[in-house]
Amino acid sequence: MSASVSSTALSSNLRHDWSLAEVKALFEQPFNDLLFQAQTVHRGHFNANRVQVSTLLSIKTGACPEDCKYCPQSGHYNTGLEKEKLLEVQKVLEEAARAKAIGSTRFCMGAAWKHPSAKDMPYVLEMVKGVKAMDLETCMTLGKLDQEQTAALAGAGLDYYNHNLDTSPEFYTSIITTRTYGERLQTLGYVRDAGMKICSGGILGMGESLDDRAGLLIQLANLPEHPESVPINMLVKVKGTPLENADDVDPFDFIRMLAVARILMPQSHVRLSAGREAMNEQMQALAFLAGANSIFYGDKLLTTANPQADKDMQLFARLGIKPEAREEYADEVHQAAIEQALIEQRGSQQFYNAASA
Ligand code: SAM
Ligand code: DTB
Ligand code: SF4
């Protein structure tokens with residue numbers, strides 16, 4: 001695809017019929033050709049120097065009945081994680097205020113459940129309404145939903161529902177046995193039918209093959225509508241989980257995954273998700289070049305560490321990236337955060353001035 005293809009041509013070109021051979025051919029291109037193609041598609045649909053920032057909060061931690069082999073919160077494994085009951089609504093709203101203050105535009109609340117229970121739903125709905133009233137976008141990830149729960153969440157004003165397919169249908173059964181791929185697709189269908197936006201992606205580094213990586217992206221891209229948000233996680237290896245000693249992902253292969261996601265789903269936000277603590281700045285810069293345009297922002301994911309917010313702002317400043325603003329107010333907050341980060345960076349001995357090197 002050439003750099004001169006117009007954005008109108010690209011938007012009318014959304015595809016939902018990708019084959020394994022086609023997607024593997026994208027992966028197998030020389031790295032520079034793949035990145036050029038992904039960046040070209042990216043520029044046809046987005047401002048290439050804007051990245052959306054979301055903050056995560058675990059609203060109910062640990063003791064999950066599911067057996068996802070990657071997950072520190074599964075009750076099947078002993079990871080030493082301290083279990084918590086559902087947080088109080090007030091506490092969640094305080095955390096949302098903190099996220100807004102550091103410049104986040106979306107607040108994502110996650111619960112270690114197989115599915116929400118009837119007794120928890122009223123609290124969850126209060127959380128959605130409260131966060132929404134703070135002028136933040138709302139996102140939840142609560143496991144499997146039924147149609148009634150989905151309608152209630154949509155009615156409360158939930159913008160996004162996160163439910164990952166995680167990997168290809170073929171590899172999935174080696175990772176999770178307590179929930180089927182079909183159930184995941186059903187939940188995504190309910191979310192779409194209720195008019196909410198879908199956030200769905202997966203994880204690299206679980207021992208999957210190239211076919212599995214391509215297979216996951218095909219599942220997502222061949223949905224009737226592309227998920228608006230596609231989180232690509234690099235496995236965070238947590239001691240006590242069955243995948244604690246999994247082999248590292250080749251950083252370039254991770255970047256390839258982001259690039260192919262960008263090409264297949266040109267209008268979606270592709271999120272450079274979990275695993276950034278183990279990535280250097282150069283790798284993250286390549287991720288943005290490949291078309292990733294969203295991150296989790298704030299020093300914690302759900303239970304594991306994420307880069308400090310000021311470090312991210314410093315990186316953005318060095319790359320000339322600005323956080324995607326939801327509204328003017330958010331822009332001012334971001335600007336203040338960037339300026340503060342720059343002041344701190346100037347005082348830091350670690351600052352590497354490429355221009356004078
Ligand atoms: N329990 C709900 C569910 O699974 O649908 C919501 C929370 S769950 C922690 C959300 C997603 O986090 C999982 O689908 C998985 O993709 C990701 N995740 C969990 N543990 C991870 C890890 N150690 N490394 C990378 N991603 C992880
Ligand atoms: C997603 O794809 N990644 C996020 C979010 N959606 C819910 C979760 C990452 C969790 C990483 C491990 C942890 O912090 O517990
Ligand atoms: Fe439970 Fe979600 Fe972790 Fe699976 S990924 S064990 S469903 S919290």
Side-chain angles (χ1 to χ4, degrees), residues 54-77 79-84 86 106-117 120 124 139-145 149 160-167 171-172 175-181 183-188 191 198-208 216 220 227 229-246 248-249 254 257 261 269-279 292 294-307:
S54 298
T55 295
L56 274 169
L57 175 70
S58 178
I59 58 170
K60 190 267 160 192
T61 304
C64 183
E66 302 294 287
D67 68 353
C68 315
K69 285 198 172 65
Y70 49 76
C71 187
Q73 303 204 67
S74 168
H76 294 257
Y77 320 120
T79 60
L81 189 69
E82 213 162 301
K83 303 170 209 145
E84 282 174 18
L86 183 64
R106 189 176 310 156
F107 194 60
C108 306
M109 295 158 268
W113 287 328
K114 185 181 187 67
H115 52 71
S117 70
D120 289 320
V124 164
C139 176
M140 284 201 152
T141 179
L142 313 172
K144 179 179 166 166
L145 297 179
Q149 291 169 330
Y160 288 81
Y161 194 75
N162 165 253
H163 200 55
N164 289 342
L165 292 178
D166 279 342
T167 188
F171 190 59
Y172 181 89
I175 301 295
I176 300 152
T177 69
T178 50
R179 190 203 314 276
T180 66
Y181 212 81
E183 286 175 284
R184 289 190 186 246
L185 290 168
Q186 184 187 53
T187 296
L188 292 181
V191 171
I198 290 180
C199 173
S200 189
I203 309 180
L204 263 62
M206 304 189 294
E208 71 286 341
L216 166 66
L220 295 168
S229 165
V230 181
I232 304 295
N233 298 277
M234 189 167 83
L235 177 71
V236 179
K237 296 181 214 175
V238 179
K239 199 163 180 308
T241 62
L243 292 177
E244 66 172 299
N245 295 318
D248 284 343
V249 181
F254 188 84
M257 183 76 174
H269 277 80
V270 174
R271 182 172 304 123
L272 171 60
S273 303
R276 288 197 301 121
E277 272 287 86
M279 296 176 197
S294 174
I295 58 165
F296 285 122
Y297 177 60
D299 58 7
K300 208 169 172 197
L301 292 164
L302 289 172
T303 67
T304 64
N306 197 42

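Along the sequence shown, residues are numbered consecutively beginning with 1. Just so you know, ligand 1 is whichever comes first in the structure, and atom 1 is the first atom listed for that ligand. In this text, all values refer to a predicted model and were calculated from it rather than measured experimentally. Below, all heavy atoms of this structure are taken into account, side chains as well, without hydrogens, waters or symmetry copies.
- Of the protein's heavy atoms, Asn233 OD1, 3.0 Å lies nearest to atom 3 (N) of ligand 2.
- Shortest contact from atom 1 (N) of ligand 1 to any protein heavy atom: Ala111 O, 3.1 Å.
- Nearest to atom 1 (Fe) of ligand 3 among the protein's heavy atoms is Cys64 SG, 2.3 Å.
- Of the heavy atoms in Thr141, both backbone and side-chain atoms come closer than 4.0 Å to ligand 1.
- Near Arg179, with a cut-off below 4.0 Å to any heavy atom, the atoms of ligand 3 are 7 (S).
- For atom 6 (N) of ligand 2, the closest heavy atom belonging to the protein is Asn162 OD1, 3.5 Å.
- Near Glu66, meaning under 4.0 Å from one of its heavy atoms, ligand 3 places the atoms 1 (Fe), 4 (Fe), 6 (S), 7 (S).
- Set against the non-hydrogen atoms of Asp166, the atoms of ligand 1 under 4.0 Å away are 14 (O), 15 (C), 16 (O).
- At the shortest separation from atom 11 (C) of ligand 1 among protein heavy atoms lies Asn164 ND2, 3.7 Å.
- Listed for the Gln73 side chain is a donor-acceptor partner under 3.5 Å among the backbone atoms of Gly62.
- Protein heavy atom nearest atom 24 (N) of ligand 1, with residue, atom name and distance: Val236 N, 3.0 Å.
- When only non-hydrogen protein atoms are considered, atom 4 (O) of ligand 1 lies nearest to Arg179 NH2, 4.2 Å.
- Taken to the nearest 0.5 Å, the CG atom of Leu302 stands 7.5 Å off from the CZ atom of Phe296.
- Side chains of Glu183 and Thr180: a donor-acceptor N/O pair is present below 3.5 angstrom, by distance only.
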message: Run Leu235 and Val249 through side-chain contact (heavy atoms from CB on, under 4.5 Å) and show every step you take.
response: CA-CA 9 Å; Leu235 177 71; Val249 181; over 6 Å; no
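- In this structure, Arg106 satisfies the cation-pi test against Tyr160, with its NZ or CZ atom closer than 6.0 Å to the six-membered ring centre and inside 45 degrees of the ring normal.
- The protein atom (non-hydrogen) at minimum distance from atom 3 (Fe) of ligand 3 is Cys71 SG, 2.3 Å.
- Distance screen at 4.0 Å: atom 6 (S) of ligand 3 has a protein heavy-atom neighbour inside the cut-off.
- Distance alone, capped at 3.5 Å, places no donor-acceptor pair between the Thr187 side chain and the Leu185 backbone.
- Listed for the Asn162 side chain is no donor-acceptor partner under 3.5 Å among the backbone atoms of Thr141.
- One finds the CE atom of Met206 at 10.5 Å from the NZ atom of Lys69 (value rounded to the nearest 0.5 Å).
- Close contacts between ligand 3 and Ala112 involve ligand atoms 8 (S) [criterion: under 4.0 Å to a heavy atom].
- Here the protein heavy atom with the shortest distance to atom 4 (C) of ligand 2 is Phe296 CE1, 3.6 Å.
- In this structure, the side chain of Asn233 does not engage the main chain of Ser273 through any donor-acceptor pair within 3.5 Å.
- In terms of protein heavy atoms, atom 12 (C) of ligand 2 is closest to Thr304 OG1, 3.6 Å.
- At a heavy-atom cutoff of 4.0 Å, ligand 2 is contacted by no atom of Val238, backbone or side chain.
- Distance from atom 8 (S) of ligand 1 to its nearest protein heavy atom, with residue and atom name: Leu302 CD1, 4.5 Å.
- Below 4.0 Å from some heavy atom of Leu301 lie the following atoms of ligand 2, by number and element: 14 (O).
- No donor-acceptor pair closer than 3.5 Å links the side chain of Ser58 to the backbone N or O of Thr303.
- With a 4.0 Å heavy-atom cut-off, ligand 2 is reached by the side chain of Pro72 but not by its N, CA, C or O.
- For the pair Leu243/Tyr77, no side-chain contact is recorded, criterion being any heavy-atom separation below 4.5 Å from C-beta on.
- Salt-bridge check for Lys237 with Asp248: passed, with a basic side-chain N closer than 4.0 Å to an acidic carboxylate O.
- Within a 6.0 Å radius of NZ in Lys114, more than 12 heavy atoms belonging to other residues, nucleotides or ligands are found.
- The two residues Ala305 and Glu277 make their nearest non-hydrogen contact at O-CG, 3.3 Å.
- Taking both residues in full, the closest heavy atoms of Gly240 and Thr79 are given as C-CG2, 4.0 Å, listed atom of the first, atom of the second, then distance.
- The residue Thr304 has no part lying near ligand 1, judged by heavy-atom distances below 4.0 Å.
- The protein atom (non-hydrogen) at minimum distance from atom 27 (C) of ligand 1 is Ile203 CD1, 3.7 Å.
- For atom 20 (N) of ligand 1, the closest heavy atom belonging to the protein is Tyr70 CD1, 3.3 Å.
- Heavy atoms of Gly110 stay at 4.0 angstrom or farther from ligand 1.
- Residue contact check: His163 has heavy atoms under 4.0 Å from atoms 5 (O) of ligand 1.
- Note on Cys68: not counted as a metal contact of atom 1 (Fe) of ligand 3, no N/O/S atom lying under 2.8 Å.
- Close contacts of ligand 2 with Thr141, meaning ligand atoms under 4.0 Å from a residue heavy atom, involve 7 (C).
- A salt bridge links Arg184 with Asp166: the distance from a Lys NZ or Arg NE/NH1/NH2 to an Asp or Glu carboxylate oxygen falls below 4.0 Å.
- Nearest protein heavy-atom contact of atom 15 (O) of ligand 2 is Thr303 OG1, 2.6 Å.
- At a heavy-atom distance under 4.0 Å, no atom of Val236 approaches ligand 2.
- A donor-acceptor pair shorter than 3.5 Å can be found between the side chains of Thr178 and Asp67.
- Distance from atom 10 (C) of ligand 2 to its nearest protein heavy atom, with residue and atom name: Leu302 CD1, 4.1 Å.
- Between Asn164 and ligand 2, a contact under 3.5 Å exists for at least one N or O pair.
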